[in-house]
Amino acid sequence: MVSSPLSDFLRSYLTVAIFGSLGFILVGLLLFISYLVRPNRPQPQKYLSYESGVDPVGSLWSQSQIRYYIFALLFVMFDVEAVFIFPWATRVEAYGGFGLVEMFVFIGVLLLGLVYAWRKGVLKWA
Amino acid sequence: MAGKSRLRMPGTFKGLALTFKTAMQTMFPRRGMKTLIPAPSIGAATVQYPHEADLPTPRARGVISLKEDNCTACMLCARECPDWCIYIEGHKTLAPPRRAGGKPRSVNKLDRFDIDYSLCMYCGICVEVCPFEALFWSPEYEYSEVRIADLLHDKSRLGEWFQTVPDFEPYESGSEAKVEKVPR
Amino acid sequence: MNAQLISLFAAETFEVPANIAFSIIAIFMVIAAIRVVTTDNVVHAALWLMVVLGGVGLNFLLLQAEFLAMTQFLIYLGAIIVLFLFGVMLTRAPLGRSDDLDNKQRPIGIVVGLLVLGLVSYSVIKTFGSDKLDFSAYDGSQAVAGNNRTEALSDAIFSQYLIPFEVISVLLLAALIGAIVIARRD
Amino acid sequence: MGLGLVESGKMPKSLIKLLNVSRSYSVWVYQWGLACCAIEMGAAFGAPRYDVMRLGVIPLPASPRQADLVVISGTVTDKMAPVIRRLWEQMPDPKYVISMGSCANCGGPYWDSYSVTKGVDQIIPVDVYVPGCPPRPEALLEGIVILQDRIKNEDPSKRWVGEPIVVE
Amino acid sequence: MTSVTDRQKLQYIAAQAADARVNVELETEGMTLNLGPQHPATHGTLRIIAQLDGEQVVHAEPVAGYMHRGYEKLTEVRTYPQITTLINRIDWLGSFANEVPFILAAEQLMEVEAPERAMWIRTILFELSRISNLILFLGDMGVQLGAVTPVFFAFRDREFVLDQIEAATGGRFHPNFDRIGGLRDDLPKGWLESTKGSMDKVRDFCDQIEDLLLGSEIFQTRTRGIGIVPTDVAMQYGLSGPNARASGIDWDVRRDNCIGLAYPELDWKVWTHTDGDSFARFWVRIQEVREAAKMVDQLCDGLPAGPVMAKVPRIIKVPAGEAYVATENPLGEMGYYIVSEGDLTPFRVKIRSASFSNMSITPWLLRGVYVPDIITILGSLYFILGDIDR
Amino acid sequence: MLLTQFLLLAAILFSIGVYGVIVRKNGVLVLMSVELMLNAVNINLIAFSTYHGLGGQVFALFVIAVAAAEVGVGLAIVLLIYRNRRSVDIDQLDELKG
Amino acid sequence: MTNDAPAAEATESEEVAVDEPREARLAMISESLGDMLVDSHIAVGRDIWVRVSTDAWGEVADVVRNRLGLRYFGFLSVIDWMPSPYGRSMDSEVDIVLADAASSDDAAEEAPDTGFTRGVTGGETRFQAFARVSHVGDPGDFWGLTIKADIPDDTLAIDTWTNAYAGADWHEREAWEMFGIRFTGHPGLRNIYLPTDFEGNPMRKDFPLLARMVKPWPGIVDVEPLPATDDGAEEGDQ
Amino acid sequence: MTPMLAVDWAYWQETLVKVGLGLVAVLLLTGAVVYLYLFKFVSFMQSRLGPMEAGPYGSMQLLAEVGKWLQKEDVFTENSDRIVFGLAPAIVMSSTFLMFVVIPAGPNAVISDLGTGIYYVLAMTSIATVGILSAGWASANKYSLIGGLRAAGQLIAYELPLVLAVVGVVIQVGSLNLQDIVHAQSDGAIFGWSGIGNPFIFTQFVGFMIFLIAVQAELTQSPFDMPIAESELVGGYQVEYTGIRFLVFFIAEFATAVGFAAVASTLFLGGWALPADWASESTMHWLGPIVISAKAVLLVGVVFWVRFSLPRFREDQLQQLAWKFLIPVALLNIVVTGTLKVAF
Ligand code: SF4
Ligand code: SF4
Ligand code: SF4
């Protein structure tokens, strides 16, 4: 059977999608079986948040720290960098020294950001 | 602080080596021909409880047993018990004389002797204070119950435990204490 | 079944199933996008946005931009959504609904939105009508055999778009430093 | 929510048996000690000599949400009692309780104290009482074996609606 | 300088340190994190309410009492022998060590003295209970830091020590072996030999812990410089035992105020550390286990012959008077202040338990630390709930 | 598949984004709406790249990179606002101008 | 090393033993405390007690810590000197029997009526605060001191020690909830052990232990007394 | 052949078989790993036995576990965000499944041989972060929230070294496709000697170590288990999960471990292939899956071994480890590899 690149391409991703949805299907299936056999016994305190056995103290909601945000930010930037590295990595040989220099400059510039963050002490807690 | 020590982590690898060694020792405890046949049941420190069990030492305070014949219902144990968990009832009878031709003696007969093991703190005071050698420790420990009331052992149950009382051990050298006997 | 229909469903073209897939994805995306701008829970908005972005990635796949699709998943789903969630949780992400997320310009918003939609759709339909995608451009620039176009993409970056590529690094650096400066209190 | 197949008794016997057996061999026990007994419990759970994991009792969870069994190991004080009640309620059904040691059984050495609850069964239903002060780790293992036996033979349709273990 | 300003200075320093550490990047809204009463980090039932700023503790308040059993009241209605067995359960890991100071205080009031053999056996058991207690600490510290294996090793090797204690006293945990005037019983045959054997296991265990934890770089980054207790603060809060010695206080009741035990006749060393951080506390304890093992060996070798019980009346009534005797328990200084009015029961027993004082420093110590360090610090301070709550 | 269908989808997303930008007053939500618009653009770019070679894809990559930078800085600004005003309500910012 | 000889050693010698280092220390203490000192006591070879006036309690802490160098804080607590109205909740008859047995057994101390009602350093009020501090210096240079002070019956309040010894915080909280003694100046006098809704102060002598009153003492249930026979039941059959 | 939705029957049959086999393989491997390591190996490390009673040597323990979890009540706390709370495990689970799609287990045995291979894997694993973060948020529990935030912070921090460590391999092979990578290793040569091919563990040792460390962190295993730190957060984002949903997290955790191990063995250990001519291609059809399973299971062993031996880093310390050490080193690795590649 002849198949065009298009159908091959999409077909392989269809498989991926099927397999990916398995996660949901499996969870659903397990939940259904469990639904058949599990007990349900409401107790007044069962639905309280667990907090080591006492009433939740203070507001349930809290703010996390900006530290996390900066880490996430750094991550995003470097992730973007990685995105550009990958295509380059497949073709390193073809570009030769020129490509190398280009990429090193690219990496170097972003490393400056890391160094900046480092020097600013945002990578540390204390 | 992190970067420097991180490059050399000999301590961390020592830990890894130790756990690996332990695993190997557990898995392949045997030497010689059988070295490579895994035998964790031998190598592990585990005593597989329901199938086998270590015997506790003879002194272990597992459960109190009663030698009913010796008890005179003198109540000393019940009084001294810090938890008030011994329940004794008795009445008087006449017993045959100890020496031939003597007068019949009046003794206390035990009607009820219960120890509430759900309350007992296993201190051993009762055993110690009993002046008539009627109470003994047995190292048995297997008497978990489903109903708490069953933890109240009456005198027949306490008497059964007496079968499991071990002999007293001899003492370490240098001791001046006398070894006593379990009156069987 | 007539011949034409069969050919439509034939494996070679993959036309109809792709269209079906597109329709499903598109419906999901539109609903999700609407939820993004209407939901009263910020975290939900972020999660709906995740659906939209995932849908965009799937669209890229339909358009055979494989590397782009993966990038979409990697960057948007794996990083930007996390960034959003962090941002939300750093400010305010109450469980349940909160009712002061919208201002009073809803009518204006609807009007402007519809206006934009109308204009763009009109011009799009007017201009492109029923042009078919043919992916000819891909085949032409395909550097290596197989269905792997990453190399081709790489070639494009490292030939035509070299300057923008380097500029991107500077941009990222600037954004990074800027964000750190802003987020930190000095 | 549940469909209630078990409660309604519509489950075939063999399947029930299967469920019981799987429940009895997978008992996740809550890491929670109260007093001296907790150390003996820890020994039963942690000491390689006793190694409760052999019996399928997994002492991993620290949160009640993933626990099947709680061993009340130690003194229950009046201040602690509500906490125990709540944590027990927070455990999802089916759940089991072992009361370990004189304190949990009856107040033990502190039977006359002003601050000690005289027995945990006043607060939550108990499935097995293990005597001792503290019980040897083996005694706790025995209690667990008894519990497993009972789980294997219990009637879940009763258990599911909240009664303590019923063995036919 | 008066004490008031002294304290203010301390507070000021603490506040400075905390402020320097407190995250000022973003004033995140405060959050109250509740650890316990049921929480794996709190060894049972301590509760810590920590006001957080992000992950940093602004204020931490330990709430004790979930294990309060009323010992001091109960001692007033129990006779002396009954109290001996009750107080076993205060520091349940080193139970025998709880009996000794009480018995010694009562002996002081009654003016009897235990025979030498009893003194030596007491010392052996005292050190054994120290070992069994500290071994568990050494393992448990691993758990607090996320390494589970050490605690299994600890439980494994602790069994050998417990076996010895049980063989002698009949109880793995609560020996109730001490009597006013001596001991309940003498040692069984072959006990000394096997005890020395188990000491080898203990030493092996110390080596293993050194490999697994002490030497691990991760462990060190987690504990060094964390939870520093300066000498003066340690004194003010009455820190004792290894905690005090880790803060550079060269003081050990066994050496400096030994009453009724055989320590002066032994060759041993008091270990101190100057850092005062979590690592120091861990380090001092591991040395103490080694030292204790050494002592047990010496004691076993030199055990004198003789009786184990002095002559005391059958019914014990302690003459009127007051006495305070403290010993160096595994957790620190444990003392009993007995007020007797000549009755069958004491009139008042004040129990000075080590953990109570050791833990009273936590609000001071936990200011400005990070949530994960709460665990390290609590773990390294090492408390037993029964010893806090009594 | 038709080109138009992708373009129309992009148009819909874009106008929803426009709506969101106008209506939302929570800064984070506004940024999300902007994200919607950017993605609409990306769809267009990719769709056109089927005609005009890979340039469109490269551009889309750049847009993604720029979007990442934009979100990063944008959220940092929102955090700044929040830190100073305890609210992420960007409409209130107008008051500052006056 | 100090001369902390075991108690028995000191008492074995018949002559009135003098504990010189402790006398010297006491002299030093009385010098520093001056008027504040009310009473003092030395148990030879064992310990020193001082009683200070109520008003000076807070100041004393300052003095002992900073002038006497007793920087180590041991504990702080309170005694209720009222005799317990409940005894041990055991049948009094039996107590008498036991007491008789005790006195007949051997030369135990005589009954407690020796005027000892307020401890070694005396006192006037029902409640007395006492604390223990120690000198911890170089190895071997260690000694402790117990300080007492009466607590006025009407106010039931006394100064806090938290200013001198930060560690007194918890100890005072404990005393507060156990005895109901108020420590003026304490930063947060809250319950430390008991639930907040607990009523009463359990360590007071008049706080009943209900369980002991409800449950009959098993010793009461006695077999009826024996008619006098030649060999009493005490011997039993061995 | 009747076309169905333009995809013929053959495709559906093939796909069903693949998906079924893939699922079974994933679950079997996960089960094996849990039993072998979590239950047994770890127990041996602690000189005990692990499960013994359920089946011979406790081999039925896992079935009992699943049976037990099925019967557990499903509890939603009253404050939780029910939808998100319920969906989060599924997100994590399917992110895990998606990872397996491209891992080749033989010359043809791959569910879907995508051109973007390894890049795809990295993209898919990063999605789990969202699942975990929303699980932590939706539980409405402080411990979960802190745990979720920490987990997300850590996952993204270690996603980078993971990604960058791969680049070295990609440079050497010149392709993202995993089959290409496998072939490059089995056909390669080390300094001209092709006896064992060229498993990249030798030439990319730095990359391999970084990858392993990052995997350890991605799996939130000790020493990087601060997010689920039992001794303080009681299990982190999983605190409120019970029953099936917890089981799903549990499976996902270990399946991810298997997945990462399989990826690592594909990238660095030669994947399913034995070096060039040790076995014929037809043999590899059935031998390949065994080979890669063995390699993967061995690597998971390392994960567990480390997990149960070491204490954990504090949150900031592990962030520093990532940013100050792993990422620069990984970048350096890229630079060196690229230079060498161009030079030779
Ligand atoms: S062992 Fe102690 S508590 Fe138990 S019955 Fe005997 S005296 Fe009472
Ligand atoms: S057991 Fe002993 S003490 Fe108790 S009543 Fe009997 S004889 Fe008396
Ligand atoms: S029963 Fe005994 S050992 Fe157990 S907690 Fe109570 S006092 Fe402690």
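Order of the sequence lines fixes the chain letters, A, B, ..., with proteins taken first and strands second; residue numbering starts at 1 for each chain.
Using bins of under 30°, 30° to 60° and over 60° for the plane-to-plane angle, the ring pair H/Tyr119/C/Phe67 lands in the parallel bin.
Comparing H/Ser126, H/Ser95, H/Gly117 by heavy-atom pairs within less than 4.5 Å of chain C, the highest count is held by H/Ser126. When each of H/Leu87, H/Thr129, H/Leu133 is checked for heavy-atom pairs under 4.5 Å with chain C, H/Leu133 comes out on top. Put simply, of H/Ile127, H/Val130, H/Leu155, H/Val84, the one with the most heavy-atom pairs under 4.5 Å next to chain C is H/Val130.
With a 6.0 Å radius and a threshold of 12 heavy atoms from other residues, nucleotides or ligands, H/Leu340 has its CG atom above the threshold.
The contact list for residues 46-56 of chain C toward chain H, using heavy atoms and a distance under 4.5 Å, reads C/Leu47, C/Met50 by residue number.
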| side chain to side chain contact (heavy atoms under 4.5 Å, CB included) assessment of C/Leu74 paired with H/Met124 | CA-CA 7 Å; C/Leu74 188 70; H/Met124 289 307 139; over 6 Å; no
